Amino acid sequence: MAITVLQEERIFKIDTESSSYVLGVLGNNVLVHLYYGGRVEDAHLAHLAPQRGRASFWSIQADAEDDFSADVMPLEYSGAGSADLRAPALAAQSETGDNVTDLRYDSCEVLPGKPDLPGLPHVYLNPGDEGETLRITLRDAVKNLYVDLYYATFAFSDAICRWAVVRNEGVQAQTLTRAMSASLSFPGMDYDLIHLHGAWAREFHMERSPIPHGEMAISSFRGASSHLHNPFAALVSKDATETQGEVYGVSLVYSGNFRIETEVDAFDALRLNCGINDRGFAWRLAPGERFCTPEAVLVYSGEGLTRMSQTYHNLYRRNLARGKYRDQPRPVLLNSWEGVYMDFDAKKLLEMAKSAASLGIEMFVLDDGWFGARSNDRCALGDWVVNEKKLGCTLHDLVEQIKALGLSFGLWFEPEMISPDSDLYRAHPDWALCPSGRAPSLGRHQLILDMTRRDVQDYVVEAVSAVLRSADIAYVKWDMNRNMAEVGSPSLPADRQGEVFHRYILGVYSVMERITSAFPNVLFESCSGGGGRFDAGLLYYMPQNWTSDDSDAIERLTIQHGCSLVYPPSAMTCHVSAVPNHQVGRVTPLKTRGAVAMLGSFGYELDMSRMTPEDCVRVRTQIIEYKCSRQLVAQGDFYRLLSPLEGNDAAFLQVSRDKSLAILTYVQKLAEPNPAVRRVRLRGLAPLIRYYCEQDRRIYDGATLMNAGYVLPEMHGDFDSVRLVFRCV
Ligand code: DGJ
């Protein structure tokens, strides 16, 4: 890790262990990108700037060097409205209507460590972690608008964190209509874009497409990062696979509306911008105010996708997630949702918990339906008062009885929502997000609380905290179940309505910070109808996320495969549920449901009191198996061996950091007649270590497993699977 500043040549070089990022300042003070890729030692890379003179139609800034147009230069952080007509990083309009922003180099500084991003989730340094940050300041001289570009680099990671702070030192207010976290330039377009798209119950589907001339974008305008597109993308060389090729990952530490866009110009040069979605965004920056963008985490890998993913996994579980459970294996839990939905009383819950305890479950989670008049999803959100009539006892008594069975207790909330049929709405109809005088759309029969308001934030903090104080609650599932519409806050003036989306998410972050720090022993899990807000921003507050409402083992192969591209397995919660599966009606073997769920933070979601004695025996064994290896989920390296998107099967490998333990999970989708023998090559083992396979009771050396591969046993029937444990001998 190093930051090199060549003062005279005005070159800046940021090195990680295996990548380099180089910038330079042209004679007319334009900051240009020179290089990002595999590590280079020489910083003198000014010759990499495009050498192209005037072209017809191109606008040439008054002070341009050699008639070069900014429109063909790889601007590091482009303003809007001047000679560069591509998608800008920043757009600001002054009160007099000047919508030009022409950013020029002003100064630079190397800072020790990594500054915090106020009010925003961010990668942080642990005691003893080494890191340093380059700050380059740009300025629009007419507006006296400054932009501080930050680049943090670390001794322990190949990631580079980027963000920008816009400072208004002028005399007029500026309205920012675009403020990206980062802009990246590439000299050619010979890349594919990989991203994760989906919908409710089918999140994280990996898609790879060539980058066209012109613009292409993935984004969210739903108030949350959303099921539709995850705030992550990777530009990959055409030959990139899991194990080879160049990969540039971009992951936003943000949970609201985002945009990751590419633009390829007339000379095949590629720009990638990422940050807050400018659609619906207009932030008024009064003189003296500043605006901080969310952080973008960049990862370059010269060795394919796996290396990129592992870099994200290690950084996010150690330097983004926080709290007591950050590095710990998570308890094996039983969640009540698919078992009983909202149809329960304490007697039923205790019956489920009793069966769970006898099988080795460690925590019982009571999902939706325990508060207010909530007996269906049409009412009571916001009324965070225990429905003792429905339960038949107090929450405290229920929790104590569950604890007496040897289980800890967890509880579901959906704190950001308000049902029109709720005491909260009857008392505070103005607390729902909506411009005055309009009838807001409902989603799942509910409205959204105006989290931009401090009084609403205080209510949520107090309402959730009061419940958490009332009983010994060890876990919270924080849900959020609708997209936003009619986004407006009557509490803000007209010229600040464009701030509502971002202020909402800042409000959520502030509330989460207050609650998670007040209850440091509670394990928090975020959820948004599954993975509708599974992003790096929320990982800062909650170290795990319900990956998808789709608990079918075969659907989960694709979902978890895509999710693992950027998020660590410990962050993915995965449950075994009943068959036929409630989302797709598929019947899969319990063995396969267990094997797939054990790839992440593991649990069950069914009525255990109704399982057959045979299934109880199988579940007891599964839980023992998981407990023996869960350290791998918490800290091991994750490999995608066979993609579920490419064939009739999927394979994943988890390897401990010391390489002494590896678990291979192989799942066949549909049965095949007279199938070929299938051999799968393992990865990441120590070549000279000898491994004992607990299932076939044979010994193999690591090199053989990686080079020759492991011959899989024959599969029987649809959705068969095998989970093989290799321990060093
Ligand atoms: C959506 C979540 O994803 C489910 O797991 C469950 O908690 C329901 N909400 C409860 O309403």
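Remember, predicted model here, so these are calculated numbers, not experimental data.
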Residues that Thr665 engages under side chain to side chain donor-acceptor pair (under 3.5 Å), provided they are two or more places apart: none
Without hydrogens or angle criteria, can the side chains of Ser255 and Asp535 be said to hold a donor-acceptor pair below 3.5 Å? yes
Hits for side chain to side chain contact (heavy atoms under 4.5 Å, CB included) against Glu338, two or more places apart or cross-chain, chain-then-number order -> Tyr341, Ser551, Ser577, His582, Gln583, Glu605
Mind checking whether His122 and Val253 have side chains closer than 4.5 Å, heavy atoms only? no
Give me the ring orientation class for Phe204 and Tyr567: parallel if the planes are under 30° apart, tilted from 30 to 60°, perpendicular past 60°. perpendicular
Assess the pair Phe524 and Trp478: is the distance between their ring centroids shorter than 6.0 Å? no
Using only heavy-atom distances, determine whether the side chains of Arg482 and Gln446 contain a donor-acceptor pair under 3.5 Å. no
Only pairs at least two apart or in different chains count here, so list each ring pair (Phe, Tyr, Trp, His ring centres under 6.0 Å) that has a residue in residues 602-623. Phe602-Tyr604, Phe602-Tyr626
dist Arg503:CZ -> Ser510:OG (nearest 0.5 Å) comes out at 12.5 Å
May I ask you to check whether Trp337 and Phe344 place their ring centres under 6.0 Å from each other? no
Looking only at side-chain N and O atoms, does Glu414 offer a donor or acceptor that is under 3.5 Å from a partner on Asn481? yes
Check the surroundings of atom CG in Asp458: do more than 12 heavy atoms from other residues, nucleotides or ligands lie under 6.0 Å from it? yes
Mind checking what makes side chain to side chain contact (heavy atoms under 4.5 Å, CB included) contact with Ser656, not counting sequence neighbours? Leu632, Asp658, Ser660, Leu661
Phe409 and His396: aromatic ring centres closer than 6.0 Å? no
Residues forming a side chain to side chain contact (heavy atoms under 4.5 Å, CB included) with Asp455, sequence neighbours excluded: Trp431, Arg453
Over 12 non-hydrogen atoms of neighbours within 6.0 angstrom of CZ in Arg723: yes
Sorted by chain and residue number, the side chain to side chain contact (heavy atoms under 4.5 Å, CB included) partners of Ser526 (sequence neighbours excluded) come out as Leu538, Met542, Asn545
Under a 3.5 Å distance rule, please check whether Arg556 uses its side chain to pair with a backbone N or O of Ser548 as donor and acceptor. yes
